There are 2 protein chains.
Amino acid sequence: MICFSVYAAGLAFNRLYQSLLNGFDLTYPQFLVLVALQQGGAMNVGALGEALFLESNTLTPLLKRMEASGLVSRQRDKMDERVVQIALTKPGAKLANTIGCVPPQVLNATHMSLREVVALTANLNSLADNLRQHTNGLRDANIS
Amino acid sequence: MICFSVYAAGLAFNRLYQSLLNGFDLTYPQFLVLVALQQGGAMNVGALGEALFLESNTLTPLLKRMEASGLVSRQRDKMDERVVQIALTKPGAKLANTIGCVPPQVLNATHMSLREVVALTANLNSLADNLRQHTNGLRDANIS
DNA sequence: TGCGATTAAATCGTGCACGATGTAATATGT
DNA sequence: ACATATTACATCGTGCACGATTTAATCGCA
């Protein structure tokens with residue numbers, strides 16, 4: 001049951017990250033947003049969703065919470081009022097740097113070599129790509 | 001970022017399963033419960049939690065929903081009134097057989113050979129084991 | 001026997017994740 | 001130009017997932 005192994009590994013990562021992040025008042029998905037913005041720079045909600053494989057119905061409330069805690073700013077785009085630009089605030093950027101220490105701790109917890117982790121990551125990425133293609137195929141078939 | 005790859009693969013599996021299961025009025029975690037009970041037979045909430053890496057705060061409401069839809073029974077143990085035994089009902093057992101067709105479809109969607117899937121599953125299981133040990137170590141350190 | 005400690009579920013509050021839908025702004029075609 | 005379609009984001013309802021706490025039953029042990 002590959003699906004269950006992925007599910008259980010996801011639960012395990014989530015719990016470990018919550019433990020490591022609870023001093024920063026950050027959830028694991030919020031941590032991912034912070035990292036995505038640090039690596040990709042400011043971007044709109046849609047682009048953030050493409051990076052994290054999430055949609056606005058998940059991101060909008062999450063980003064509002066992060067805005068409320070002062071980590072990101074949300075600004076309507078002047079050129080296209082439909083678009084909302086998300087950017088790290090100064091405290092957000094600072095926190096993004098501070099939590100750089102967390103992923104190495106997680107890597108250590110895996111008890112795996114860097115080589116093994118890289119290989120496993122690549123396999124998971126291609127697996128997820130295939131699953132997404134299949135899911136999208138099903139969706140498109142239902143529409144037409 | 002191994003954690004993100006696991007996270008994204010989990011999202012992808014969840015979406016694919018929701019698509020495949022939505023004709024059965026089942027969520028993905030409910031599907032996992034059904035399979036666990038089919039494979040392990042009737043068991044109490046704690047044992048189910050060990051099998052699925054979940055606790056009563058997640059399982060109790062989920063099992064109540066499955067009881068409401070007639071798939072499982074919940075019975076206080078006569079010998080120890082604290083424990084609640086969970087068993088498949090006849091419709092639940094029937095549905096568990098019916099959805100046996102779903103995992104092969106998922107395997108097909110992975111576009112991976114059985115050998116690759118088995119190897120990836122083993123790697124994920126040992127990874128999750130290591131993460132759980134580390135998380136439990138952190139928890140115990142905080143208690144003492 | 002009886003009382004404090006432990007255990008198994010349940011409850012509560014918060015935050016994702018997602019399908020379905022709504023709203024407002026922009027793009028497109030005639 | 002203007003109605004229609006499309007797009008970007010937001011809203012709503014449901015169901016996990018989890019930390020913290022509660023309740024009730026059982027255990028341990030003097």
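Please read all numbers here as calculations on a predicted model, not as lab measurements. In what follows, every chain begins at residue 1, and chains take the letters A, B, ... in the order their sequences are listed.
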Once you round it to whole Å, what is the distance between [atom2] of [N] and [atom1] of [X]?
X: Leu11(B); N: dG19(C); atom1: CG; atom2: P; answer: 11 Å
X: Asp77(B); N: dA9(C); atom1: CG; atom2: P; answer: 9 Å
X: Lys78(A); N: dT26(C); atom1: NZ; atom2: P; answer: 13 Å
X: Met43(B); N: dA8(C); atom1: CE; atom2: P; answer: 16 Å
X: Glu67(B); N: dA9(C); atom1: CD; atom2: C1'; answer: 14 Å
X: Gln30(A); N: dG15(C); atom1: CD; atom2: C1'; answer: 8 Å
X: Leu62(B); N: dA10(C); atom1: CG; atom2: P; answer: 12 Å
X: Phe53(A); N: dC16(C); atom1: CZ; atom2: C1'; answer: 17 Å

- Remember a base hit wins even if backbone is also touched, and classify Met66(B) as base, sugar-phosphate or nothing at under 4.0 Å, heavy atoms. nothing
- Task: For Leu59(B), answer base if it contacts any base atom (sugar-phosphate contacts may also be present), sugar-phosphate if it contacts only those atoms, and nothing otherwise; contact means non-hydrogen atoms under 4.0 Å.
- Result: nothing
- Message: Quick one, Ile86(A) with Val33(A), criterion side-chain contact (heavy atoms from CB on, under 4.5 Å). Give me CA distance, side-chain angles, the key distance, then yes/no.
- Response: CA-CA 10 Å; Ile86(A) 309 296; Val33(A) 166; 5.6 Å; no
At under 4.0 Å, does any side-chain N or O of [X] touch on OP1 or OP2 of [N]?
X: Arg74(B); N: dA10(C); answer: yes
X: Arg76(A); N: dA24(C); answer: no
X: Asn14(A); N: dA17(D); answer: no
X: Arg15(A); N: dA17(D); answer: no
X: Tyr7(A); N: dA17(D); answer: yes
X: Arg65(B); N: dC16(D); answer: yes
X: Lys64(A); N: dG15(C); answer: no
X: Thr58(A); N: dA17(C); answer: no

- Of Glu55(A) and Asp80(A), whose closest DNA chain C nucleotide lies nearer the 5' terminus? Glu55(A)
- Check step by step if side-chain contact (heavy atoms from CB on, under 4.5 Å) holds for Asp77(B) and Asn44(B). CA-CA 9 Å; Asp77(B) 190 324; Asn44(B) 60 38; over 6 Å; no
Measure from the side chain of [X], starting at C-beta and using heavy atoms only, and say which of [options] lies closest.
X: Val83(A); options: dA8(D), dT26(D), dT11(D); result: dA8(D)
X: Arg82(A); options: dA9(C), dT6(D), dC16(D); result: dT6(D)
X: Thr27(A); options: dT26(D), dA9(C), dC16(C); result: dC16(C)
X: Ser56(A); options: dA25(C), dT11(C), dA10(D); result: dA10(D)

- Message: Suppose we call a contact any N or O donor and acceptor under 3.5 Å apart; does that hold for the side chain of Asn22(A) and the base of dG19(D)?
- Response: no
- Message: Could you check whether Tyr28(B) and Tyr7(A) have their ring centres less than 6.0 Å apart?
- Response: yes
- Message: Between Arg74(B) and Gln85(B) (side chain of the first, backbone of the second, donor and acceptor by atom type, cut-off under 3.5 Å), is there such a pair?
- Response: no
- Query: If you measure only the distance, is there a donor-acceptor pair under 3.5 Å linking the side chains of Ser5(A) and Asn125(B)?
  - Reply: yes
- Task: Please step through side-chain contact (heavy atoms from CB on, under 4.5 Å) for the pair His134(A) and Asn108(B), ending with a clear verdict.
- Result: CA-CA 9 Å; His134(A) 198 86; Asn108(B) 176 59; 4.1 Å; yes
